A.B. asks: 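The structure is given below, and queries will be raised subsequently.
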Protein chains: 2
Amino acid sequence: MAKPAIELDSFDLAILAILQKDNATPQRLVGEAVNLSAPAVQRRIRRLEEAGVIAANVAIVDPAKVGQAITIFVEVEVISETAELLDAAKREFSATPEVQQCYYVTGEADFILIIIVGTMADYEALTRRLFFSNNNVKKFRTFVAMDRVKVGLTVPLTQPGEA
Amino acid sequence: MAKPAIELDSFDLAILAILQKDNATPQRLVGEAVNLSAPAVQRRIRRLEEAGVIAANVAIVDPAKVGQAITIFVEVEVISETAELLDAAKREFSATPEVQQCYYVTGEADFILIIIVGTMADYEALTRRLFFSNNNVKKFRTFVAMDRVKVGLTVPLTQPGEA
DNA sequence: GGCCTCATGAAACAAACTTGCGCGTATTGG
DNA sequence: CCAATACGCGCAAGTTTGTTTCATGAGGCC
């Protein structure tokens, strides 16, 4: 949104690939990996951050280790799809900490949520708050994750050819 | 997995909350925010990393900015749920870069995938490779994301009370 | 061909991270 | 109830890393 789209050469892609896996990598090592000096790497990283290509630098916390062991998917179907009501739903979902991810999708469902809770009781309380007390929710389907096979936000990086 | 579970006091939770949002925050500032000295913060972070509470430190890349603009959900239903076939599926999904996330779930579906591609043609090619050529895939349902309302892996942090 | 722009690398500088040490506090055992 | 131990803290010094400055060379445009 900030910048429409910036040019990404193979250096940028190589740097992104590294930082996507571990952004604590010293710039010196990144530089060696991509055949660039540390300052050059530093400048490129800054540019990528300003352009929004790098949206954030975060630590990934293992939910199970902090007592939030249950991952749940919810497909939500709404009654009315007016822009106003959709925005209200988006805002409410976004503001809920247990909602890790929320997508507005096509197809039989309207929203897909990924939720993290400590116990099923917590989830039940959450459904009451988010769905049952919301007049615009027609129905919702719950899937409980038995195994988090692969979890990440890593983006496949290919050539910079824009879509 | 490494350590079964370590004690997390309110300092640890406060530190995690900060690093989950921005792990480039200098330890000095983290220390000020939680009323601890920088070395103390540093020791706690190291402990959290060794215990696996902090699973990784990564840069979040905006898919749209690198030409991977389409997010897709897929519910996959398999024919046979033998451990062997499930493991094979898990390995194949995990090894596919376009598959950002993969969960093994209860309910009508068996797997839920979150996929990122540049074009629908890419997705079509992917379905051919992952689903149509896999004899164990009974059916799959596709949802295309029109809006990534909220995307993150942020874990809600409450008191350390284990579940 | 000359000028301008841009990105690079080397070096100097500043900031952050890391380690060792002494101290206070909580815990355990007598 | 008191002593010995273990744990984690803060302070300060050393080291690594990140950042800025500057001069040079490559490429595009008159």
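All chains are named by letter (A, B, ...) in the order of the sequence lines, taking the proteins before the strands, and each is independently numbered beginning at 1. Computed over heavy atoms, backbone and side chain alike; hydrogens, waters and symmetry mates excluded. This one's a predicted model, so the numbers in the text were calculated from it and none came from an experiment.
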A.B. asks: Got a list of protein N/O to nucleotides 18-24 of chain D N/O distances below 3.5 Å?
C.D. replies:
unit_1  : atom_1 : unit_2   : atom_2 : d
dG18(D) : OP2    : Gln27(A) : N      : 2.8
dT19(D) : OP2    : Gln27(A) : NE2    : 3.4
dT19(D) : OP2    : Gln42(A) : OE1    : 2.5
dT20(D) : OP2    : Arg46(A) : NH2    : 2.8

A.B. asks: Not counting sequence neighbours, which residues clear salt bridge (charged side-chain N to carboxylate O under 4.0 Å, His left out) with Asp12(A)? List them please.
C.D. replies: Arg44(A), Arg47(A)
A.B. asks: Quick one: salt bridge (charged side-chain N to carboxylate O under 4.0 Å, His left out) partners of Glu77(A), sequence neighbours excluded?
C.D. replies: Lys138(A)
A.B. asks: Got a sec, which residues hit salt bridge (charged side-chain N to carboxylate O under 4.0 Å, His left out) with Asp147(A), two or more places apart in sequence or on another chain?
C.D. replies: Lys90(B)
A.B. asks: Which pairs with one or both residues in residues 26-56 of chain B pass ring pair (Phe, Tyr, Trp, His ring centres under 6.0 Å), sequence neighbours excluded?
C.D. replies: none
A.B. asks: Tell me if a side-chain donor or acceptor on Lys65(B) pairs with a main-chain N or O of Leu48(A) at a distance below 3.5 Å.
C.D. replies: no
A.B. asks: In whole Å, what is the span from the CG atom of Asn57(B) to the C1' atom of dT17(D)?
C.D. replies: 16 Å
A.B. asks: Of all nucleotides in DNA chain C that come within under 4.0 Å of a heavy atom of chain B, which is furthest toward the 5' end and which toward the 3' end?
C.D. replies: dA16(C) to dG20(C)
A.B. asks: Take the C1' atoms of the five end pairs on each side of the helix from dG1(C)-dC30(D) to dG30(C)-dC1(D), derive the two axes, and give their angle rounded to 10 degrees.
C.D. replies: 30°
A.B. asks: The criterion is salt bridge (charged side-chain N to carboxylate O under 4.0 Å, His left out); which residues satisfy it with Lys139(A), sequence neighbours excluded?
C.D. replies: none
A.B. asks: Under the salt bridge (charged side-chain N to carboxylate O under 4.0 Å, His left out) rule, what pairs show up with a residue in residues 19-32 of chain A, not counting sequence neighbours?
C.D. replies: Arg28(A)-Glu32(A)
A.B. asks: Under the salt bridge (charged side-chain N to carboxylate O under 4.0 Å, His left out) definition, can you give me all pairs with a residue in residues 92-119 of chain B, not counting sequence neighbours?
C.D. replies: Arg141(A)-Glu108(B)
A.B. asks: Listing request: all salt bridge (charged side-chain N to carboxylate O under 4.0 Å, His left out) pairs with a residue in residues 51-60 of chain A, at least two apart in sequence or in separate chains.
C.D. replies: none
A.B. asks: I need the full list of ring pair (Phe, Tyr, Trp, His ring centres under 6.0 Å) pairs touching residues 43-90 of chain B, with sequence neighbours left out, sorted by first then second residue.
C.D. replies: Tyr103(A)-Phe73(B)
A.B. asks: What does Arg47(A) touch in the nucleic acid at a heavy-atom separation under 4.0 angstrom: a base, only the sugar-phosphate, or nothing?
C.D. replies: nothing
